[in-house]
Structures are given as structure tokens and as C-alpha cells.
Amino acid sequence: MQTRTEKVMLIDDNDIDLKINSKVIALSKLFDDIIICRSGAEGLSYIKKHINHPHLLPQFILLDIQMPEMDGFEFLELYKNLPLSFLNSCKLAILSSTLDFGDIKKAEANPYVVRLLKKPLYPNELEEVLKATFNSAH
């Protein structure tokens with residue numbers, strides 16, 4: 001069964017979390033490439049810059065909630081304005097250490113969020129989300 005997608009975008013301001021989670025993603029062998037962005041603004045900028053080059057765009061985004069300047073929810077507010085063709089081809093999960101019940105409820109209520117994952121990321125959890133997300137589309 002093929003659950004492999006080409007690119008994942010990891011958006012997180014914490015270098016340690018980026019290092020750990022990108023290592024987990026690499027070890028999982030579920031993606032060919034990891035696009036690392038240290039802020040929501042950087043993630044949006046990358047997507048907008050490459051919007052006409054689908055082969056450069058992520059098929060899956062792991063988004064941190066708690067970041068300075070633009071948090072995950074502010075990112076989602078701008079994300080929903082991206083072209084529908086991109087929104088339909090890219091799935092997004094929140095990856096967060098938050099225990100804030102309000103944040104969890106807000107994330108789960110967002111129509112663009114397929115799952116809320118707790119840090120640190122575990123390969124089997126990531127694979128399970130990808131199978132459920134991408135196989136349900138077929």
C-alpha cells in the first residue's frame with residue numbers, strides 16, 4: 001500500500017523541535033523532501049512563491065500553534081485564502097505541545113486541520129494520519 005507523498009512542510013519556530021521532528025519524518029521514509037519553515041509567514045511566503053509550480057509544493061503541512069509574530073491560527077486565517085487547487089491537494093495537521101483546551105478545540109474545529117498531533121512526533125502516528133487522510137481521498 002502506497003501512503004508516500006512527495007513533500008512535507010514543517011512550520012515551527014523552535015530549532016530543537018524542528019531537528020527532532022525532521023529526523024522523525026526522515027526516518028519514517030513517508031516523504032521525499034522536508035520543507036522547513038521557521039515561521040508561519042515563511043511558510044505562506046514559500047507556498048505563494050511556488051503556487052504555479054505544484055511539484056515544489058507540499059502535500060502535507062505540520063504546523064505549530066504557538067509561535068511569535070504569527071501563530072498557527074493566524075497562519076490558518078491566511079491559509080484559507082490560498083487557491084482552492086492547492087487547498088484540495090495539501091492536507092494540514094497541527095503539531096503542538098499545547099495543553100490549552102481552548103487551542104485544542106479551536107484546532108479541531110478548523111476545517112483545514114485533519115488532526116492535532118502532540119509533540120514529539122511519532123512515526124507510527126504520522127503514518128496513521130497519512131493513511132487516514134490520503135486513502136480516504138481515493
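Starting from 1, each residue takes its place in the sequence as its number.
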Run Leu92 and Phe75 through side chain to side chain contact (heavy atoms under 4.5 Å, CB included) and show every step you take.
CA-CA 11 Å; Leu92 186 145; Phe75 173 90; 3.8 Å; yes
After noting the C-alpha distance and the side-chain angles of Asp17 and Leu10, does the key distance pass the side chain to side chain contact (heavy atoms under 4.5 Å, CB included) rule?
CA-CA 10 Å; Asp17 287 340; Leu10 193 51; over 6 Å; no
Between Glu125 and Arg115, is the salt bridge (Lys or Arg N to Asp or Glu O under 4.0 Å) condition met? List the steps.
CA-CA 10 Å; Glu125 228 184 344; Arg115 183 78 74 69; 5.4 Å; no
Evaluate salt bridge (Lys or Arg N to Asp or Glu O under 4.0 Å) for Lys106 paired with Asp100, printing each intermediate quantity in order.
CA-CA 10 Å; Lys106 193 173 176 182; Asp100 182 317; over 6 Å; no
Do Lys119 and Asp64 pass the side chain to side chain contact (heavy atoms under 4.5 Å, CB included) test, and can you show the C-alpha distance, the side-chain angles, and the key distance before you say yes or no?
CA-CA 9 Å; Lys119 289 181 184 177; Asp64 185 26; 3.3 Å; yes
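For the pair Glu74 (side chain) and Asp71 (backbone), a donor-acceptor distance under 3.5 Å is present. Counting only distance, with no hydrogens or angles, the side chain of Thr133 and the backbone of Leu130 share no donor-acceptor pair below 3.5 Å. Here the side chain of Gln59 pairs a donor or acceptor atom with the backbone of Leu57 at under 3.5 angstrom. Asn21 contributes a side-chain N or O that, together with a main-chain N or O of Leu121, makes up a donor-acceptor pair within less than 3.5 Å.
Linking Ile, Leu, Val, Met, Phe, Trp and Tyr residues whenever their side-chain heavy atoms come within less than 4.5 Å leaves Leu117 and Tyr112 in two separate clusters. Linking Ile, Leu, Val, Met, Phe, Trp and Tyr residues whenever their side-chain heavy atoms come within less than 4.5 Å places Tyr79 and Ile11 in a single cluster. Linking Ile, Leu, Val, Met, Phe, Trp and Tyr whenever their side-chain heavy atoms come within less than 4.5 Å leaves Val8 and Leu87 in two separate clusters. Cluster annotation: Ile65 and Val114 are assigned to distinct hydrophobic clusters (Ile/Leu/Val/Met/Phe/Trp/Tyr, side-chain heavy-atom contacts under 4.5 Å, transitive). Taken together through direct or relayed side-chain contacts under 4.5 Å among Ile, Leu, Val, Met, Phe, Trp and Tyr, Ile61 and Val113 form part of one hydrophobic cluster.
Looking at every heavy atom in both residues, Ile34 comes nearest to Ser22 through CD1-O, 3.4 Å. In plain terms, the two heavy atoms of Asp13 and Pro68 that are nearest each other are OD2-CD, 3.2 Å. Phe60 approaches Cys90 most closely through the heavy-atom pair N-SG, 3.9 Å. Nearest heavy-atom pair, Leu126 versus Ser28, reported as atom, atom and distance to 0.1 Å: CD2-OG, 4.1 Å. Taking each heavy atom of Lys7 and Phe31 in turn, the nearest pair found is C-CD2, 3.7 Å. Across all their heavy atoms, Leu63 and Gly72 have their closest contact at CD2-O, 3.6 Å.
Note that CE of Met67 is 10.5 Å distant from CZ of Phe73, once rounded to the nearest 0.5 Å. The CG atom of Leu76 sits 11.0 Å away from atom CG of Asn81, with the distance rounded to the nearest 0.5 Å. Here CD of Glu108 is found 5.0 Å from NZ of Lys105. Values are rounded to the nearest 0.5 Å. Taking CG of Asp103 as the reference point, atom CD1 of Ile94 lies at 9.0 Å (rounded to 0.5 Å). In this structure, the separation between CG on Asp32 and CD on Glu6 is 6.0 Å, given to the nearest 0.5 Å. Separating the CE atom in Met9 from the CG atom in Leu62 is a distance of 11.0 Å, to the nearest 0.5 Å.
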Side-chain donor-acceptor contacts of residues 41-55 below 3.5 Å, not counting sequence neighbours, with atom names and distances?
unit_1, atom_1, unit_2, atom_2, d
Glu42, OE1, Arg38, N, 3.0
Tyr46, OH, Leu56, O, 2.6

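In the displayed structure, Ile16 atom CD1 is contacted under 6.0 Å by at most 12 heavy atoms of other residues, nucleotides or ligands. Within a 6.0 Å radius of NZ in Lys118, more than 12 heavy atoms belonging to other residues, nucleotides or ligands are found.
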